[in-house]
*Asks:* 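Could you have a look at this structure, given as structure tokens, before my questions?
These numbers come from a predicted model, not from an experiment. Letters go in sequence order (proteins before strands), and every chain restarts at 1.
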Amino acid sequence: MSNNEGFFNKVYEVVKLIPSGRVTTYGAIASAIGSPGAGRMVGWAMNKAFSQPCFVPAHRVLNRNGQLTGKHAFPNADTMQELLESEGVEVENDKVKNFENIFWKPERVVD
DNA sequence: GCCATGACTGGGT
DNA sequence: TACCCAGCCATGG
């Protein structure tokens with residue numbers, strides 16, 4: 001289960017595996033699903049994540065710089081930061097503090 | 001079926 | 001250290 005449903009679905013699965021208070025990068029997810037370099041697609045999938053029936057912690061997905069590059073996809077530009085702070089993630093200037101400290105590496109999805 | 005775009009990444013200048 | 005270019009994969013027109 002949980003695969004062959006499409007590239008986006010794989011992304012959602014990995015993102016949903018992200019523990020609260022932790023964050024990851026698009027490239028990490030892309031590599032986890034076996035499509036390194038498709039980081040752009042991961043971000044795009046996040047946009048559709050809001051259209052998904054299940055909640056996807058897209059706010060826990062940042063770029064390699066730990067910056068909230070996807071905040072614009074949220075209802076409000078501050079929503080992403082609020083969600084992260086709500087989970088104990090310190091955010092400042094649209095960037096996560098001790099990003100490498102809270103970085104969570106997704107496991108490779110079995111295909 | 002081809003071209004353009006996108007919440008990325010890494011390397012080079 | 002900052003900016004630019006090329007590579008990468010998938011979707012939409």
*Asks:* Scan residues 15-52 of chain A for pairs that pass ring pair (Phe, Tyr, Trp, His ring centres under 6.0 Å), counting only residues two or more places apart or in two chains.
*Replies:*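 Qualifying pairs, neighbours excluded: Phe50(A)-Phe74(A).
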
*Asks:* Are Val23(A) and Val61(A) co-members of a hydrophobic cluster defined by side-chain heavy atoms under 4.5 Å apart?
*Replies:*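 In one cluster with Val61(A): Val23(A), no.
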
*Asks:* Using Watson-Crick and G-U wobble pairs with both distances under 3.5 Å, what is the 5'-to-3' dot-bracket string of DNA chain B, with [ ] for crossing pairs and | for pairs outside the strand?
*Replies:* .|||||.||||||

*Asks:* So which pairs with a foot in residues 18-28 of chain A pass salt bridge (charged side-chain N to carboxylate O under 4.0 Å, His left out), sequence neighbours left out?
*Replies:*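 The answer is none; no pair qualifies.
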
*Asks:* Which residues satisfy the side-chain contact (heavy atoms from CB on, under 4.5 Å) test with Ala28(A), sequence neighbours excluded?
*Replies:*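 With neighbours one apart ignored, the set is Thr24(A), Thr25(A), Phe103(A), Pro106(A).
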
*Asks:* If I take atom CE from residue Met46(A) and atom CZ from residue Phe8(A), how far apart are they, to the nearest 0.5 angstrom?
*Replies:*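 If I round to the nearest 0.5 Å, the distance is 9.0 Å.
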
*Asks:* Name each donor-acceptor pair under 3.5 Å that joins a side chain in residues 75-84 of chain A to protein atoms two or more places apart or in another chain, with its distance.
*Replies:*
from	atom 1	to	atom 2	distance (Å)
Thr79(A)	OG1	Asn76(A)	N	3.2
Thr79(A)	OG1	Asn76(A)	O	3.1
Gln81(A)	NE2	Glu85(A)	OE2	3.3

*Asks:* Do any pairs count as a salt bridge (charged side-chain N to carboxylate O under 4.0 Å, His left out) and have a residue in residues 47-65 of chain A, sequence neighbours left out, and if so which ones?
*Replies:*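 Qualifying pairs, neighbours excluded: Arg60(A)-Glu87(A).
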
*Asks:* When all nucleic acid strands are considered with a 4.0 Å heavy-atom cut-off, which category describes Val42(A): base, sugar-phosphate, or nothing?
*Replies:*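 If one applies the 4.0 Å heavy-atom cut-off, Val42(A) turns out to touch nothing in the nucleic acid.
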
*Asks:* Looking for any heavy atom pair under 4.0 Å, which part of the strands does Asn47(A) touch: base, sugar-phosphate only, or nothing?
*Replies:*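 The answer is base, as Asn47(A) lies within the cut-off (heavy atoms under 4.0 Å) of a base atom.
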
*Asks:* May I have all residue pairs that pass side chain to side chain donor-acceptor pair (under 3.5 Å) and include part of residues 91-104 of chain A, sequence neighbours excluded?
*Replies:*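 Counting only pairs at least two positions apart or across chains, the side chain to side chain donor-acceptor pair (under 3.5 Å) contacts touching residues 91-104 of chain A are Lys71(A)-Asp94(A).
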
*Asks:* Please classify the nucleic acid contact of Ala30(A) as base, sugar-phosphate, or nothing, using heavy-atom distances under 4.0 Å.
*Replies:*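 Contact class for Ala30(A): none.
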
*Asks:* Produce a footprint string for nucleotides 8-13 of chain C: one letter per nucleotide, 5' end first; B if the base is under 4.0 Å from any protein heavy atom, S if only the sugar-phosphate is, - if neither.
*Replies:* BBBB--

*Asks:* Give the C-alpha distance, both sets of side-chain angles, the deciding distance and a yes or no for side-chain contact (heavy atoms from CB on, under 4.5 Å) between Leu62(A) and Leu68(A).
*Replies:* CA-CA 6 Å; Leu62(A) 317 170; Leu68(A) 285 58; 4.0 Å; yes

*Asks:* Going by heavy atoms closer than 4.0 Å, what residues in residues 65-80 of chain A are next to DNA chain B?
*Replies:*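 Residues of residues 65-80 of chain A under 4.0 Å from DNA chain B: Thr69(A), Gly70(A), His72(A), Ala73(A).
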
*Asks:* Once side-chain contact (heavy atoms from CB on, under 4.5 Å) is applied, do any residues pair with Ala38(A), and if so which ones, sequence neighbours excluded?
*Replies:*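 In terms of side-chain contact (heavy atoms from CB on, under 4.5 Å), with neighbours along the sequence ignored, Ala38(A) is linked to Phe7(A), Ser35(A), Met41(A).
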
